[in-house]
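Structure, as structure tokens:
Please read these numbers as outputs of a predicted model, since none were measured by experiment. Side-chain atoms are counted along with the backbone in the values below, which use heavy atoms only and exclude waters and symmetry mates.
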Amino acid sequence: MRAYTSLVSSGCGLLWMAMCPLSAKAFSYQPWIDGPERTLSILSIAVDAQDGTVSVNGIDTRAPETPFTVDWGDAGPTEDGFFELTHLYQDSSRNYVVQITAHYGDGTEDAVRTGVYFVAPQVNPQTLPAITAVSIAATDLELDTRMPYEPGSLTFMQDSCFGVIPRPTLEYLMSVGAGIQFDLVEGNVWLEDGGFRQVVLQDPSLSGGMYSLWYTTPVAFAASCAAMRSLGEAPSMLHEMGHNVTLNFPAGYCYGGKIDGNANAIYSETMAQIFAHATLYEMLNAASAYGLPPEMAADLEQQAVVSFGIVRHAYQDYVDQGARFCSWNDPNTDQDETLGTFMTIAYEFIRHAEASQQGLPTPVRKLSRFLSQFGPDWHSQYSQDTNSQAAESFRATLLVAALSCALDQDLREEFRSLHFPVDDAIFDGMVCEDSGPAGGGGAGGRGTGSGDAGGGGGAEPTVSGGVSGCSNDPSAAGAAGAQALTGGSTGGAIPQTASGGSSPALSGSGGLSSGGTTPTLAMDAGVVSGMAGSSLDPAGTAASANSTPSTGGAVEEPHAQAGSPQGGATRPAQGKGCSCHTPGSSPCRASFAWMLVAACVGRRAHGPRLRGAQGRRPCSRGPAPVRPRASEPDCARPR
């Protein structure tokens with residue numbers, strides 16, 4: 001029995017809320033695993049609150065010849081038509097859920113739902129634990145840094161940054177997500193004053209996107225003002241929060257500070273992907289229990305499907321291009337060599353978890369338990385600063401063993417077929433945490449609830465007492481164990497990871513032509529703009545093939561960590577279903593690859609290049625080195 005089971009439950013999510021996912025799952029990624037990729041997407045919604053007129057624009061790259069069927073959600077008859085779709089609501093004192101259904105020539109259909117907001121959504125907030133509260137800074141806040149990385153010039157979020165969804169509602173939604181993620185690691189994270197509270201600040205230099213500041217106190221992430229305007233950025237928010245949790249985990253020996261640099265992504269980006277999608281899964285399957293109104297649930301569902309579509313597309317790209325495994329992001333190349341690898345791990349995890357019909361939260365908790373064995377031995381073999389076959393093999397084996405443990409099946413051969421260099425000796429030395437101490441290349445068994453040390457792997461978190469967590473000193477982990485859940489000291493860190501938005505423009509057909517609020521992909525004769533993020537902006541305007549991006553929010557890494565589409569965008573057969581244009585503009589010429597927005601994953605402020613090594617500076621704003629304060633404890637100092 002874990003000492004912290006009074007705070008979290010390994011059975012059904014947040015024990016303090018007495019909530020479990022609905023018995024009949026309302027949401028699953030399964031249709032987007034087994035079926036065809038979604039080609040229908042809403043790009044923008046324009047709402048006139050004065051006269052009740054709503055315009056919806058979108059895209060379906062399968063270019064159906066049959067008009068869409070539209071249910072406007074106001075109890076009126078359905079309508080048929082192509083984008084741009086318009087409707088007059090008689091009652092503009094409430095919100096609605098619109099469903100658009102596409103009909104294809106082979107007899108299949110697809111449907112998307114989204115909210116139409118005339119007024120602020122009526123959330124029925126539940127009491128959430130204060131220890132995982134998320135706040136959006138309303139006044140300037142100075143962050144302390146636990147590592148030699150400077151957060152940069154950040155400020156608070158002005159009231160003008162928010163659209164029809166107010167600050168308290170977004171804070172509540174993120175706090176729900178934070179509680180879910182805290183449960184997914186079973187509370188085994190570095191804590192400050194007995195809690196894992198997060199704060200959101202504005203980076204004025206960003207026109208779109210966000211990035212994690214998990215090495216600060218309080219733990220934070222920075223975002224653009226525009227990112228607060230809608231729920232279009234929800235997957236990105238949960239992704240960055242996933243970084244915050246999984247890099248401050250496990251409490252006794254955090255990954256943060258020990259896997260940073262060019263080899264970070266196979267752990268950090270994989271885990272953030274998994275945590276974001278698992279959190280959305282949990283939210284959607286308990287939306288009513290969390291008090292979320294239908295229009296917000298519809299928006300979250302659309303974003304979850306779009307985000308998973310990016311993961312699936314990146315996985316397929318990895319396979320189609322010869323399955324080139326890579327855990328080292330070469331700073332001297334233009335592409336991120338690790339992208340296909342970590343997206344493939346995330347995809348395979350979600351695919352197997354859904355196939356097991358046990359949902360995502362339970363396998364994620366088991367994944368976390370396995371990875372919580374991280375200690376000096378695993379740290380050494382991970383070789384964060386080394387690009388070698390041995391290091392590549394260990395990193396691959398670590399993740400394959402973690403997935404095998406979480407999913408209760410040996411996945412070695414499956415991943416070998418994907419060219420992962422799995423080492424049997426290392427794999428056999430790693431066992432599921434609940435099976436006892438690890439041998440061979442493992443980190444040692446976890447200790448008991450009393451805080452006993454596990455053979456090099458650190459001890460179980462305790463309710464009180466214990467030694468500082470997230471130590472950067474490898475010798476500290478196996479000595480006496482983890483920090484207490486009540487109080488605690490400092491955590492480790494690696495430099496921030498970002499969600500795009502600040503990425504520079506990339507050239508080439510289908511590349512990111514702007515690092516602005518809503519990234520725009522250059523396509524053939526026109527530009528598909530607006531993206532899925534802007535579909536949720538009540539103040540947005542209908543996107544056209546020739547328009548500039550709206551300010552409704554970016555699909556940078558929703559979490560769009562995919563690279564630019566290889567070979568440029570393909571051009572579907574022309575059909576009215578592809579008419580994301582306004583009258584008189586060029587037809588929409590794009591493939592669903594528009595979702596693979598070019599975010600420079602791994603080209604951020606990751607370690608060695610900020611410590612004097614040669615190579616191109618990361619494309620997102622990285623933290624500048626800063627001398628640790630004299631008052632900081634040893635565990636916060638650089639290795």
Side-chain angles (χ1 to χ4, degrees), residues 26-47 54-64 66-74 78-87 95-104 108-117 230-235 277 280-281 283-284 287 292-313 518 528 530-538 540 542-543 550 552-553 555 558 560 572 575-580 588 590-595:
F27 175 79
S28 170
Y29 294 106
Q30 194 67 54
W32 319 113
I33 295 170
D34 295 336
E37 290 187 65
R38 168 167 281 177
T39 58
L40 172 63
S41 183
I42 297 170
L43 297 181
S44 65
I45 298 177
V47 176
V54 172
S55 299
V56 180
N57 216 334
I59 180 175
D60 191 332
T61 59
R62 288 182 66 178
T66 303
F68 302 118
T69 300
V70 186
D71 182 346
W72 292 99
D74 57 357
T78 59
E79 299 176 6
D80 295 332
F82 293 106
F83 296 124
E84 179 182 34
L85 301 163
T86 60
H87 186 69
N95 299 328
Y96 301 88
V97 175
V98 176
Q99 177 167 305
I100 300 174
T101 304
H103 312 279
Y104 303 113
T108 61
E109 295 181 340
D110 190 14
V112 294
R113 301 189 310 142
T114 192
V116 170
Y117 296 85
S230 72
L231 294 183
E233 296 269 17
H277 287 92
L280 285 165
Y281 178 99
M283 279 185 176
L284 289 166
L292 303 180
E295 64 270 25
M296 288 183 66
D299 288 347
L300 291 172
E301 180 180 329
Q302 180 189 200
Q303 294 307 314
V305 173
V306 168
S307 182
F308 180 72
I310 295 169
V311 176
R312 173 177 169 173
H313 196 112
T518 306
V528 177
M531 300 301 167
S534 63
S535 68
L536 307 180
D537 179 11
S550 72
V555 180
K576 293 181 179 179
C578 192
S579 57
C580 62
C588 168
S591 76
F592 202 52
W594 64 263
M595 289 200 310

Side chain to side chain, Y117 and D299, heavy atoms closer than 4.5 Å: yes
Atom pair CZ/CG of F82 and N57 - distance to nearest 0.5 Å: 13.5 Å
side-chain hydrogen bond (donor to acceptor under 3.5 Å, both in side chains) partners for R312, two or more places apart: none
Gap between atom NE2 of H277 and atom CD1 of I310 - 0.5 Å precision: 7.5 Å
Distance-minimising heavy-atom pair for D74 and Y96: CB-CE2, 3.7 Å
Ring geometry between F68 and F83 (parallel below 30°, tilted from 30 to 60°, perpendicular above 60°): tilted
Residues that A298 engages under side chain to side chain contact (heavy atoms under 4.5 Å, CB included), provided they are two or more places apart: V97, R113
For T69, all residues meeting side-chain hydrogen bond (donor to acceptor under 3.5 Å, both in side chains), sequence neighbours excluded: D80, H103
Contact summary for A297 and L284, nearest pair of heavy atoms: O-CD2, 3.4 Å
Y104: partners by ring-ring contact (aromatic ring centres under 6.0 Å, His included), with sequence neighbours left out: none
Stepwise side chain to side chain contact (heavy atoms under 4.5 Å, CB included) test for L231 and M296: CA-CA 8 Å; L231 294 183; M296 288 183 66; 4.1 Å; yes
Identified side-chain contact (heavy atoms from CB on, under 4.5 Å) counterpart of V98 within the set L85, V112, I45, V70: V70
Which atom of P67 lies closest to which atom of G81, heavy atoms considered: CB-N, 3.7 Å
Shortest non-hydrogen separation from F27 to A304 and the atoms involved: CZ-CB, 3.8 Å
Exercise: identify the closest heavy-atom pair between Q303 and G232: OE1-O, 3.3 Å
Closest contact, heavy atoms only, G73 versus D71: N-OD1, 2.9 Å
Counterpart residues, side-chain hydrogen bond (donor to acceptor under 3.5 Å, both in side chains), relative to W72 (two or more places apart): E79
Those residues that, when tested against D110, pass side-chain hydrogen bond (donor to acceptor under 3.5 Å, both in side chains) (two or more places apart): R38
